[in-house]
Amino acid sequence: MSSLHEMSAVALRALLLRGEVSPLDVVQAFLDRVRFLDFAERPIGTPRPIGAFTELSAESALERARSLTQTGMRLPHSAAQHPLWGLALADKDLYDRSGSVTRYGSRVHATTPATETHPMLAATDAAGAVSIGRTSTPEFGLSGYTEPDAGRPALNPWKLSRNAGGSSGGAAAAVASGMLPFAVGTDGGGSVRIPAASCGLVGMKLSRDLFCLKGFEARRATPADDLAPDAPELDLVVPGPIARSVADAALLVDGLLGGLARLRGARHPYASGPGRNGSSATPLADSVAPAKVRSGEASPGRLRVGVLQGSPWDAFVQVQVSVEAAAQVSRIADLLDEGGHDVRSLRLPDSVEYGQSFSAVWQMGAAGLPIPSNRIDEVEPLTQWLIHSGRALPRATKTRALRYLHDYGERVTAAFAPWDVVLTPALALTARPNGWFDTADARRNFAEQGAFTPFTSFVNVSGAPAIVIPTGLARDGLPLGVQLIGRLGHDDHLLRIAAEIERLAAWSGHPWLYP
């Protein structure tokens, strides 16, 4: 049998349910893997730690694993209620867990342990998962790369000179290197999809209404009296899985949503409506069971595929999609066309104000961070610029940005309505070298991020689900992939489509740099 850290999450769950391994076996294996890759002292000349984890919670993880084994939750009648039973996860270091200190990737953070656990973490706990520690993130999750001044950078397991992306960079580095079977990230502008694509993984942003995180959203970070009374709300941040396959991602989505339903004492949340778009209701757990995704039983049928031309950032920054990234989109489009699907080009609505408006909203969100004025000089230059810029924005500018993005999201939804799925590059470029983003000139830094990730943030604005899947390797040996954008509320259908494209792409890469 393969080492546990090399196995898929679906395969690990099957072993757990058959009693061939225990939660204690699984948790111990991943704790050992993290110690080896991230916390062991290394002789000079050997690969350095990946930097995926900021903290290892071995004692509490082993205690919970023993408790899960003793309660016998692996019995068949409870397996559906606890789809993550005995599987190892970790907490992104932006979200509170009772008894632990949340550091936000910053020197400026609370030093006392949290007294409550964030609902996202409580949901995976309720589904039976075991948290083994905390994964690294850029300062306050504000950037698409993970190189915090307050900690180690999250290195890309494919090539340690490259970054793992952000803001869920530590989570992606952990999954790609076998320190976790999968991970829950959070995505406010691409923070699940960017690191997943950088590290050759599957990364999914859920629909806005399915599980919206009330935290770093620009609207709620802005005082109500600082906006026009009719300013629209704009919820950007949602959770999503980072995994090595679509089947593993589907399992984690089932666990996340099923755990949330258990916490609320409700039925499993609906993936397909009823919602803003009036779609019909289908429970995700029934329609996209991981076994169906893996076996091909969840065929999406004949698809209408729109291949996106251009990005909403084109009018704001110089976007240059690499030849290799564009070629992956063309290859997948050709495979779909050969398979009998209807594949056509698609252009976005006019987006001349998009970059300026999204920048303003990001600044507004940073302005609401609870950092005392006398400590702002302790945070990183990008964070300082975002905070100062956000606090200086006139009320009219804030309201205009929110209105523009709200309307733009509606226009994108209408433009994409005829299509089952919209296809884009996952990233414009392969994973960037560590130190590539300008840390001194914050304006240039923000423009560099827009050019690197021009296809992610507008999906948060629209609220639609999106998933990135790896499809090949560039000449430099780094992963390339595509993004699939689905219809709002139809997360189940998007997973079926992703499974079909994963099969067509025939991806099988793993960056096992270590034994």
Side-chain angles (χ1 to χ4, degrees), residues 5 33-34 37-39 47-55 89-94 104-105 133-205 240-244 249 380 382 426-437 439 445 448-449 452-453 456 468-470 473-474 476-481 509-514:
H5 73 262
R33 182 75 173 168
V34 176
L37 292 186
D38 252 5
F39 293 104
R48 55 180 169 157
I50 288 177
F53 276 77
T54 62
E55 177 183 312
L89 283 179
D91 306 336
K92 183 177 178 180
D93 198 19
L94 295 179
Y104 305 100
R134 288 188 171 273
T135 55
S136 60
T137 181
E139 188 167 51
F140 298 106
L142 290 172
S143 66
Y145 61 98
T146 304
E147 300 177 38
D149 287 350
R152 303 176 297 182
L155 307 183
N156 195 312
W158 287 87
K159 188 175 289 188
L160 297 183
S161 62
R162 303 295 180 108
N163 195 256
S167 66
S168 305
V175 175
S177 60
M179 285 189 263
L180 289 172
F182 48 21
V184 176
T186 52
D187 192 313
S191 288
V192 163
R193 290 162 289 154
I194 295 164
S198 296
C199 295
L201 300 168
V202 174
M204 182 177 184
K205 168 206 167 305
I242 297 173
R244 294 179 213 150
E380 298 170 19
L382 176 64
L427 299 170
L429 307 166
T430 55
R432 297 294 80 201
N434 294 300
W436 186 81
F437 293 97
T439 57
N445 181 299
E448 289 170 338
Q449 292 189 62
F452 174 46
T453 65
T456 55
V468 296
I469 59 173
L473 291 175
D476 58 10
L478 290 165
L480 295 164
H510 285 294
W512 300 123
L513 299 178
Y514 302 89

Between atom [atom1] of [X] and atom [atom2] of [Y], what is the distance when rounded to the nearest 0.5 Å?
X	Y	atom1	atom2	value
Leu473	Leu478	CG	CG	8.0 Å
Asn445	Glu448	CG	CD	6.0 Å
Phe452	Thr430	CZ	OG1	7.5 Å
Met204	Ile242	CE	CD1	13.0 Å
Arg244	Leu180	CZ	CG	8.5 Å

- Could you go step by step and tell me if Glu147 and Thr439 meet the side-chain contact (heavy atoms from CB on, under 4.5 Å) rule? CA-CA 10 Å; Glu147 300 177 38; Thr439 57; 5.6 Å; no
- Pair Ser168-Lys92, side-chain donor/acceptor within less than 3.5 Å: yes
- Query: Arg162: what forms a salt bridge (charged side-chain N to carboxylate O under 4.0 Å, His left out) with it, not counting sequence neighbours?
  - Reply: Asp476
- Give a yes or no on whether the backbone of Asp149 and the side-chain of Glu380 come within a donor-acceptor separation of less than 3.5 Å. yes
- Task: For Arg33 and Ser177, indicate whether the former's side chain and the latter's backbone hold a donor-acceptor pair under 3.5 Å.
- Result: yes
- Query: Tell me, do Leu382 and Phe140 make a side-chain contact under 4.5 Å, heavy atoms counted?
  - Reply: no
- Task: Mind checking side-chain hydrogen bond (donor to acceptor under 3.5 Å, both in side chains) for Lys205 and listing every partner two or more places apart, or none if nothing turns up?
- Result: none
- Smallest separation among heavy atoms of Gly165 and Pro195, with atom names: C-CB, 4.0 Å
- Residue pair Val34, Met179: steps toward the side-chain contact (heavy atoms from CB on, under 4.5 Å) verdict: CA-CA 5 Å; Val34 176; Met179 285 189 263; 3.8 Å; yes
